[in-house]
Every structure is written in C-alpha cells, then in structure tokens.
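Predicted, not measured: the structure shown is a model, and the values here were computed from it. FYI, side chains are in, hydrogens and waters are out, and symmetry mates aren't considered; it's all heavy atoms of this structure.
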Amino acid sequence: MRQLLKPPTQHHETPTTSAGSIAFPGGPRVARAAVVAAGVVLLVHATNAVVAGGNSPFARLLFGVLALGALIAVTARAALVPAERDAWTPAAIAFGAWLIGSVYYIGSDQSVHSLASFWSGDVFLLSAGALAALSVGRLVKDRVEQFQPTILLDGVIVALATAALGAALMTEALSRIAVQSHPGALRLAYPIGALLFLAFCTWVVALTDWRPDRLWSLLVGGLGLLTLASTAFVLSAARGTYQPGGLLDTMWIAGGIVIALAAWQPDVEELEVRLDPLTRITITSLAAFAPLALLVLAHFTAVSTLSVCFATAAVAAVIARAGVSFKENIQMFADARIEAQTDSLTGLGNRRKLMADLRKQLTLASVQSPRVLAMFDLDGFKRYNDTYGHPAGDALLTRLGANLGRSIRPYGNAYRLGGDEFCVLVVTGASSAKTIIALSAAALSEHGEGFTVRSSHGSVILPHEAHDATQALRVADQRMYAQKEDRRSSATRQTRDILLQVLNERTPDLGDHLKGVAKLAMGVGARLALGVEELDELVRAAELHDVGKMAIPDEILHKAEALTEDEWFFVRQHTIIGERILSAAPALLPVAKLVRASHEHFDGSGYPDGLAADAIPLGARVVAVCDAFDAMTSSRPYRPAIPVEDALAELQACAGTQFDPAVVAAFCAEIAAIGPRYGAPGVVGISRPAA
C-alpha cells in the first residue's frame, strides 16, 4: 500500500511565508544572513585548523559559537513553530546536550581523548544520541499519513543491521592499530551511532525512490559528515594522533550545522513513498540476514560484543516487525470486511450485509418471534437531485440514512441498498410492524421550500410470508412499487383526469390526439431505457402537453387558413400557459417542465426558450417527435392526414434540425414493431427489429 509523507504545512497553525515553506524568525533575509555567517565562521575554523593546527582558545571559541548557533536554530524551530513540535523539542534538547559534551570534550586535556577513558562529557554526548533517535522517529511518524509502525520498524532493522556490520568492521580495524589494551567500545558509540542514524535516514530517502525533499537530503548530508568525523576520530585516537580543534572538529561541527539548517527547510507539498511493498520487504529481509549471519558467526570466531549487541537488537526488531505486521493484517482484514458490508455514503449496511443478516434472522425467526423486513424507495428524490444537483442529493441521502439508523437502532438494523432505496430488518412481533414502518417513513422524509421527499414502502413478515432471503426481498420490492404506483395515481392521476376531461369537453379531437401521443411516447420511452419514474413523467407530459391550448381562442385553434403573426404569437404561448397550469399541482412540477419544452427544436430554433440538443429534456424531445407524427397522420381543419410512410420520411428528414436523431430512430423502430395501425414492416427505411 502506498503511503504519503504529509508536509508540515498541512497543520493549519504552521506559520508560512509562501506555499510549503516555514517562516524563519525575522524573515528570509535574516535566514540567509544566519546561514552565511555560519558558513564564514566554519570556514575560519577550517582555515585555523590548517594554518595554526587548531589546538587553541580561538579554535575552541569558534567551535562553541557554531555549536551554540545550531542549538539556537533548532530550539527556535521547536519553540516558534507548533507544527511537529513533538519531533523538534527532543532534537533541541539533544543539541543542548551535544553542545555541553562537545565544549567539555574539546576543552579537556589529552587523556580524555583516548579510547580507554570515559568522562562526564561522554554522558552528554551519548544522551544526545538517544534524544536524537526519539526526534527522528517522531519526525517520520508525524510526516506519514495513515502511519504504519512497520515503516518505522523497517528503518530500525536496516539501521541496526548496518550498525552491527559497522561495529564488527571498526572493532577489527581498531584491534590492529590500537596501542591501548582497551578496545574502545564506548568511544565506538560515536561513529556507530552516527552510522545508525545515517542508515535510517538513507532508508527514508530510499522509500521515496531517491527523490527526498530538502529536509531529508540535509539530514542525510549532516549525518554523513558526523559519521565520517566520528570514524576518523576513533581511528586517529587509536593511533594517538588526534588533536582538538583540527579539521575533524570542523567536520563534526559542520554536520551539526547542516542538521540545524534542515529544521528550517521549505517542505514539498507531497512526498510519496514510492517503494513498492515487495521491494520494501525484500530489502528489509536482506538487511535482517546480516545480523543473523553475525550471530551464527559469533559461535565459530571472535565477534565484538558491540556487534553482537546490535545484531541481537536487529533480530528482536525483526520479531517485533512480524508481530506488528500480523496485527496490521488482522486490522486490515477487519476493515476490509466492514467496508465490504458498509454503504460508503450513509454508513449503513449495504446489500451484502442485508443478505447476510437476513439469512441469519430467517434461521432464528419463528411464529412466536417473527421478523419484519421493510423496503423503502424515496419519492421526489429524483426531482430534488435534478433541481439542486448531485452533491446536494448525496447530502440528503446522508441525512436521511442517519435519521433512519437512529430511529431503527433500538429495534434492529437499517441498510441502504443503493440509489434511493433503503431497508430495515427488525426483530419484533407482527403487531409492531406498523409502528416500525411509521418510524422509518418519518425518518426518510424531508420537506423544504419547493421540495418534498418522502418514501413508499413494502414489507414482509418472516417467516410467515417468505422462507428465504431472495423471496423476502422480492415480495417486499413488489409491495413497495405497488404502493408507489397507488400513490402516484392518487397524487397525479386525479389532477390529470380533471384536465383531460376539460380538454375533451372543449375539443374532443384534441383529447384523442393526446391519447395517441401518450401511447407512442410510452413505447419510445421504453426503447430509450427510461426509468419507471421518468417514464411515468413522460406519459403524463404527452397526455397534457397541449393543456395550454385551453387558453387559445377556438377561431385560432380551428382556423382553416394560415395563421397571422399575431395568431402565431397566441399559439406559441400555449406551452408557457400549460406549464403554469400544471405547476399549480406540486406533484406535476416535473411534467410541467417537459410541457414547456415540448416545442423546442434540436437545433435551437424552437420556442419558447430556444433550447438546443441535450439542453432540452429527453422527455420533451420524445413528446415533440410523437406529437409531430400524430399530427401529420391525423386530419386537421387546414389539411388532410398524410400517409404513415410520408410522416416517417418527414421525421427522418428533420432529424438533427427539428428533432433529436436518436429519438427519431427509436420512434421509427417503435412504429415498425407495433404492427397494423402504423403500417407493415419495411415502410420508408424501417424494418421490424429482430426478435
């Protein structure tokens, strides 16, 4: 799994001067001046080491000034920038201990610099290493999004393995050149410790496919200088040639300055761990093999105690890594199982979870202890989604899902099956089913200005009415859609029937025309794979698309001659009038929108809004084609009916200008399929679809 090393700038409280950069106290000019000053003093120290031999109060002063400057820089980073303070605070304390130990060390007599002695300054220097380890570990943990301990443990294994090998090699080198009888194991802690840190930070850089940010680059560079300086010190001390204030001290303090500089580096926006898991575990395994080999070798030949200690620690880290990996895998499988059974939008159980629970409850259900399965489908959600957009629709589903979960929790479980379908499964008696359904329906309802969302439902009592999960869902689904159809009929059909009756009373021929258009629209809509709710709205719009003509005078509506421009103006108002009439019934608002757009043209030349192409609702495009065909094949006061073949040819000729070509193609296929009323197969390029 890929991890992201997150930059400190994701912490909102981090002061920044620009995107991805940390503000240095006093601004960029002060920061540059501090870096230049440190470089100049470092150069003077190196020059003094070469020219004057370095062992002088002046050299010690320069060293102290540089060490104090590094301490101030890291302490300011921890004190002034809240982000990652938990990582840089131990680093600041480590620099303080390092300063005390270093100043003590370079100011001591020559006996302190031998490998055989161990003085108070070493306590500070070694404690600085322990604090630095805590700082580096916290820094890695703070910068990893979705942090996994195995990332840290892999680095520890690599670092300990490297330290074990380094201790073995350095001890062997010292045994050949040391003049003292003491092996200098304590003083080996300096180069081995620096090597350990260097290996760990190099591991972090390797995780990024060798594309780190400046902070990690500088950390590796600074630790590299410290490792070289520490190793050179141990070797020169073994020969008795070490002199305080020399180039080794310059290299030592330069490493500290570089690490302090790393604390104030700008951060990239995102540092990815690009090393794939297989390569990562391969490298870790190879690194773990080295200390294991050293431990085996220790049984046959002399291996330094320090090397054995590091090798043992590395093997212990491998064991810890295996335990943590096992725990992570268990958690990962648990999370995957939860995710597989949870709806990501609402947090309710999904269909997979419902089926598992339903099968389990069916085995427990009995006549004395029945279960109730109720399925719900939201009414008005599509209109809400189309009006306010999909993000608002998702937010509504989230709210309703939370409401349903809270309402049903005392009785059972709630689920989202997908889309706007919900389900509840409760352990209760049959007498309580109405109460459960009422609570669920109330939870799945929301009202606001211009919208109302509620739900239709279907329920089944288990095991009375179903004996398996599939049958239970099918029965509940059938009952739900039966209720939805009843509601739709009661809400819209009465209004529709009244309007159609008025049209029939005023113009009987117009009523016949509307019925014909509605039948054609039903078939074409089915061919275009419209949903149940969309198909219902289409048929209602086809039946009522001319309802606005009730406001047009009969002398214009039945005029045999060509209409004047003023008369055409009246005719073109009928879609707007129809929209106003239908909008008076909230249940017919979607139908009203289709009626308004029913005389728009695909090329934008229609009325009343000049919409074009997909800007015209699909239902309106279907009504336009069906209306034109029925008009052409029906007799009118101003012209006789034309043959079906000619009407189809006219539709095809106008496809792409007045009509949607896809709708025309579906319409022609529908005409060819419905048989004798509209001619036999083969009319005007139409062939009956294959069975």
Side-chain angles (χ1 to χ4, degrees), residues 377 382-383 385-386 419 477 481 484-485 488-489 492-493 496 512-546 588 590-603 606 611-634 642-691:
D377 186 82
K382 178 183 178 299
R383 186 185 316 154
N385 215 28
D386 292 344
D477 185 71
Y481 277 101
K484 181 179 284 287
E485 182 59 32
R488 186 180 293 118
S489 298
T492 61
R493 189 168 295 170
R496 182 211 65 166
D512 293 337
H513 164 67
L514 296 177
K515 291 178 183 178
V517 173
K519 290 181 180 178
L520 292 171
M522 170 71 82
V524 176
R527 288 183 178 274
L528 294 174
L530 295 183
V532 175
E533 191 170 345
E534 292 174 307
L535 196 59
D536 180 73
E537 291 172 359
L538 169 61
V539 173
R540 302 293 171 259
E543 291 176 328
L544 299 170
H545 75 279
D546 278 340
L588 292 175
V591 177
K593 294 179 180 179
L594 298 184
V595 168
R596 181 185 179 95
S598 61
H599 284 269
E600 300 285 0
H601 291 174
F602 196 72
D603 61 0
L611 302 179
D614 291 340
I616 307 170
L618 178 58
R621 284 177 265 158
V622 173
V623 170
V625 172
C626 298
D627 179 36
F629 177 83
D630 194 85
M632 287 187 289
T633 55
S634 302
I642 66 174
V644 170
E645 294 85 348
D646 294 345
L648 293 174
E650 181 66 18
L651 291 178
Q652 292 173 325
C654 295
T657 54
Q658 184 174 350
F659 306 117
D660 182 345
V663 174
V664 171
F667 180 86
C668 291
E670 176 68 13
I671 292 298
I674 59 180
R677 180 181 174 188
Y678 290 113
V683 293
V684 191
I686 304 301
S687 59
R688 187 181 300 278

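Between Gln658 atom CD and Glu650 atom CD the span is 8.0 Å, to the nearest 0.5 Å. Going from atom CZ of Arg621 over to atom CG of Leu528 covers 9.0 Å, rounded to the nearest 0.5 Å. How far CZ of Phe602 is from CG of Asp614: 6.5 Å, rounded to the nearest 0.5 Å. If you take CD1 on Ile671 and SG on Cys626, they are separated by 8.0 Å, rounding to the nearest 0.5 Å. Interatomic distance, Lys519 NZ to Glu670 CD, rounded to the nearest 0.5 Å: 12.5 Å.
Residues Ala597 and Pro617 share a closest heavy-atom pair of CB-CD, 3.8 Å. Heavy atoms only, all atoms of each residue included: Ala521 and Leu538 are closest at O-CD2, 3.3 Å. Nearest approach of Ala647 to Met632, heavy atoms of both residues: O-CE, 3.5 Å. Between Arg383 and Pro590 the shortest heavy-atom distance is NE-CG, 3.0 Å. Closest approach of Cys668 and Leu648 over heavy atoms only: SG-CD2, 4.1 Å. The shortest heavy-atom contact between Val664 and Ala655 is CG2-CB, 4.1 Å.
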Worksheet item: Given the rule in the side-chain contact (heavy atoms from CB on, under 4.5 Å) test, do Asp627 and His599 qualify, once you have shown the distances and angles that lead to the verdict?
Response: CA-CA 9 Å; Asp627 179 36; His599 284 269; 3.7 Å; yes
Worksheet item: Is there a salt bridge (Lys or Arg N to Asp or Glu O under 4.0 Å) between Arg540 and Glu543 once you walk through the steps?
Response: CA-CA 5 Å; Arg540 302 293 171 259; Glu543 291 176 328; 3.6 Å; yes
Item to complete: Check step by step if side-chain contact (heavy atoms from CB on, under 4.5 Å) holds for Val625 and Leu651.
Response: CA-CA 7 Å; Val625 172; Leu651 291 178; 4.0 Å; yes
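Under the side chain to side chain contact (heavy atoms under 4.5 Å, CB included) rule, Val622 has a single partner from Val663, Val517, Leu520, Leu594, which is Val663.
Not a single donor-acceptor pair under 3.5 Å links the side chain of Glu600 to the backbone N or O of Ile616.
Inter-residue side-chain proximity for Lys382 and Glu534 is flagged as met; some heavy-atom pair is nearer than 4.5 Å.
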